[in-house]
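This report refers to the structure that appears directly beneath it.
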Number of protein chains: 2
Amino acid sequence: MDDDPATEILEATYRALCQHGYADLTIKDIADEADRSKATVHYYYDSKQNLFTEFLDFLYERHTEQLATIEGDTPRERLGALFELVLTDEQANPGQEFRTAMLEVKAQAPYDDAIQTRLTWFDEFLFERIRDITAAGVESGAFDEDVDPAVAADFLVTTITGAHTRRVAVDYSAERLYETITRYAEDHLVADEPTEATH
Amino acid sequence: MDDDPATEILEATYRALCQHGYADLTIKDIADEADRSKATVHYYYDSKQNLFTEFLDFLYERHTEQLATIEGDTPRERLGALFELVLTDEQANPGQEFRTAMLEVKAQAPYDDAIQTRLTWFDEFLFERIRDITAAGVESGAFDEDVDPAVAADFLVTTITGAHTRRVAVDYSAERLYETITRYAEDHLVADEPTEATH
DNA sequence: GGCTTTTGTCTAACTGGTTAGTAAGTTACC
DNA sequence: GGTAACTTACTAACCAGTTAGACAAAAGCC
């Protein structure tokens, strides 16, 4: 927590973002959260856009670190742990407020190349992670042999994205979405023979 | 096109929304698009929030009319037509600008009950439409008998929502998402026996 | 028909509030 | 004394909503 002021401002940005949402996020909100003046924020970051771009880099680092911690002896376990992390984890993602703000940011992507570039990183990172786990599962025989890891990963990223959106837009239960996706994976990825025991 | 001024303003709102996005949408933008003054907009709609709520009602009506036109002799054809309408139809949905604006609106749902209520209508309408088609397919034997229509519809709505979000946030190809979802439906909904012919 | 009054539609100009960013100066440490 | 870190006070721009009134058509009245 004994960061340099620049990092402290990024952490304050996170808290301010959760409290006010992206649309209503002002430099003053961030400054207040960082216990500094508005001008100090501008001292470290030239513009609001500049600050936010660096904030997304900061988030990306945190997010990839989190996804890297995923463990499990089998691909199936690792995939389950990943779903849990991105769909239900409440301690890692302080919840609805942050997800809402991230959806606001996603909607701003077409207006801001720097944002779109970074959101694409997030998307691709998740895709690659799922594709690799799926490929390992296919190779080990745990997953159905005619599953194409890239196609399955693409589909799952889309569904996870949809779960995030629905959770915000129509206040849909995160748990229920988690269960539906897990069920899909169990039913359609896991190979037939070894799974019969599960039923 | 010879509507009353109130409706003309709603149509102007649609055009202004596509041009400026939701975040940057001002009463002036709408007024300019309607070739009227700012005060005239306020003459017909008390507040911006009021105008936008009525605009969403206007959109809902248009959207449900569109979804009602879906035809097809078999449930499979109807589901295919629905995917095409909600995922690729470019003449019905003037494209990226509008989808982007709608994602911005979705992100505002948690801050505005009137918006959330209406987005839930959209979500539920699509869900029910897919569930009914799926149920008809299961009943006729065209779809796998152990498909639960409600579960499948829920999953598909989530995936469609994800496709919309990814298209905006990471500029993902709509066509590719359409193909992935169609493939899922063909592989996992359609009953085994009658489908062998397709492969 | 001619006259006034009312009503519906609309506008220019203004108000009050907000915001990103800046300029100039202060404090604190080396 | 110089520099890094920081603040107060400001500017310029923007926006939702209001006000006061223009203009025309319709309605009521003689």
Side-chain angles (χ1 to χ4, degrees), chain A residues 1-58 100-101 104-105 107-109 111-115, chain B residues 1-58 100-101 104-105 107-109 111-115:
Chain A
M1 290 288 157
D2 244 4
D3 299 313
D4 60 318
T7 308
E8 263 177 38
I9 289 170
L10 294 180
E11 280 159 0
T13 303
Y14 181 87
R15 295 191 300 273
L17 187 63
C18 290
Q19 273 179 45
H20 303 272
Y22 180 77
D24 285 339
L25 184 68
T26 66
I27 299 281
K28 187 184 182 300
D29 295 332
I30 296 169
D32 286 353
E33 199 65 48
D35 275 318
R36 280 174 169 85
S37 77
K38 223 158 56 92
T40 301
V41 175
H42 278 291
Y43 178 75
Y44 288 100
Y45 300 95
D46 286 348
S47 65
K48 195 183 176 183
Q49 148 135 13
N50 182 290
L51 163 60
F52 203 76
T53 302
E54 295 213 28
F55 173 69
L56 285 181
D57 290 341
F58 167 79
T100 301
E104 293 184 75
V105 174
Q108 292 306 309
Y111 308 115
D112 187 328
D113 280 347
I115 288 181
Chain B
M1 290 287 157
D2 245 1
D3 300 311
D4 59 319
T7 309
E8 263 177 39
I9 288 170
L10 293 181
E11 279 159 3
T13 302
Y14 182 87
R15 296 191 299 274
L17 187 64
C18 291
Q19 272 179 45
H20 303 273
Y22 180 78
D24 285 338
L25 184 68
T26 67
I27 298 281
K28 188 184 180 303
D29 296 331
I30 297 168
D32 286 353
E33 199 65 48
D35 275 318
R36 281 178 169 86
S37 79
K38 224 157 57 89
T40 301
V41 176
H42 278 292
Y43 176 77
Y44 288 100
Y45 301 94
D46 287 348
S47 64
K48 194 183 177 184
Q49 148 136 12
N50 182 288
L51 162 60
F52 203 76
T53 302
E54 295 213 28
F55 174 69
L56 286 181
D57 289 341
F58 168 80
T100 301
E104 291 184 75
V105 175
Q108 292 307 309
Y111 308 114
D112 186 328
D113 280 346
I115 289 182

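Throughout, protein chains are lettered first and strands after them, A, B, ... in sequence-line order, and every chain is numbered starting at 1. The shown structure was predicted, so the numbers you read here are calculated from the model rather than taken from an experiment.
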Partners meeting side-chain hydrogen bond (donor to acceptor under 3.5 Å, both in side chains) with B:D57 (sequence neighbours left out):
B:R118
With sequence neighbours excluded, residues passing side-chain hydrogen bond (donor to acceptor under 3.5 Å, both in side chains) with A:E104:
B:Q108, B:Y111
Outermost nucleotides of DNA chain D that come under 4.0 Å of a non-hydrogen atom of chain A
D:dA4 to D:dT8
So the side chain to side chain donor-acceptor pair (under 3.5 Å) pairs with at least one residue in residues 44-54 of chain A (sequence neighbours excluded) are none
B:T40 side chain near C:dT11 phosphate (N/O to OP1/OP2, under 4.0 Å)
yes
May I ask you to evaluate whether B:Y43 reaches the phosphate of C:dT9, defined as a side-chain N or O under 4.0 Å from OP1 or OP2?
yes
Run through A:I115, A:T13, A:L10 and flag the one making a side chain to side chain contact (heavy atoms under 4.5 Å, CB included) with A:L56.
A:I115
Per-nucleotide protein contact string for nucleotides 17-30 of chain C (B base, S sugar-phosphate only, - none; heavy atom under 4.0 Å)
--SBBBB-------
With sequence neighbours excluded, give me every side chain to side chain donor-acceptor pair (under 3.5 Å) pair touching residues 29-43 of chain B.
B:E8-B:R36, B:R15-B:E33, B:Q19-B:E33, B:T26-B:D29, B:K28-B:D32, B:S37-B:T40
Compute the ring centroids of B:F52 and B:Y22, then answer whether they are less than 6.0 Å apart.
yes
Nearest 0.5 angstrom please: B:I30 CD1 to B:I9 CD1, how far?
8.5 Å
Heavy atoms under 4.0 Å, any strand shown: does A:Y44 hit a base, just sugar-phosphate, or nothing?
sugar-phosphate
Nearest 0.5 Å, what's the CZ-CG distance between B:F55 and B:L25?
8.5 Å
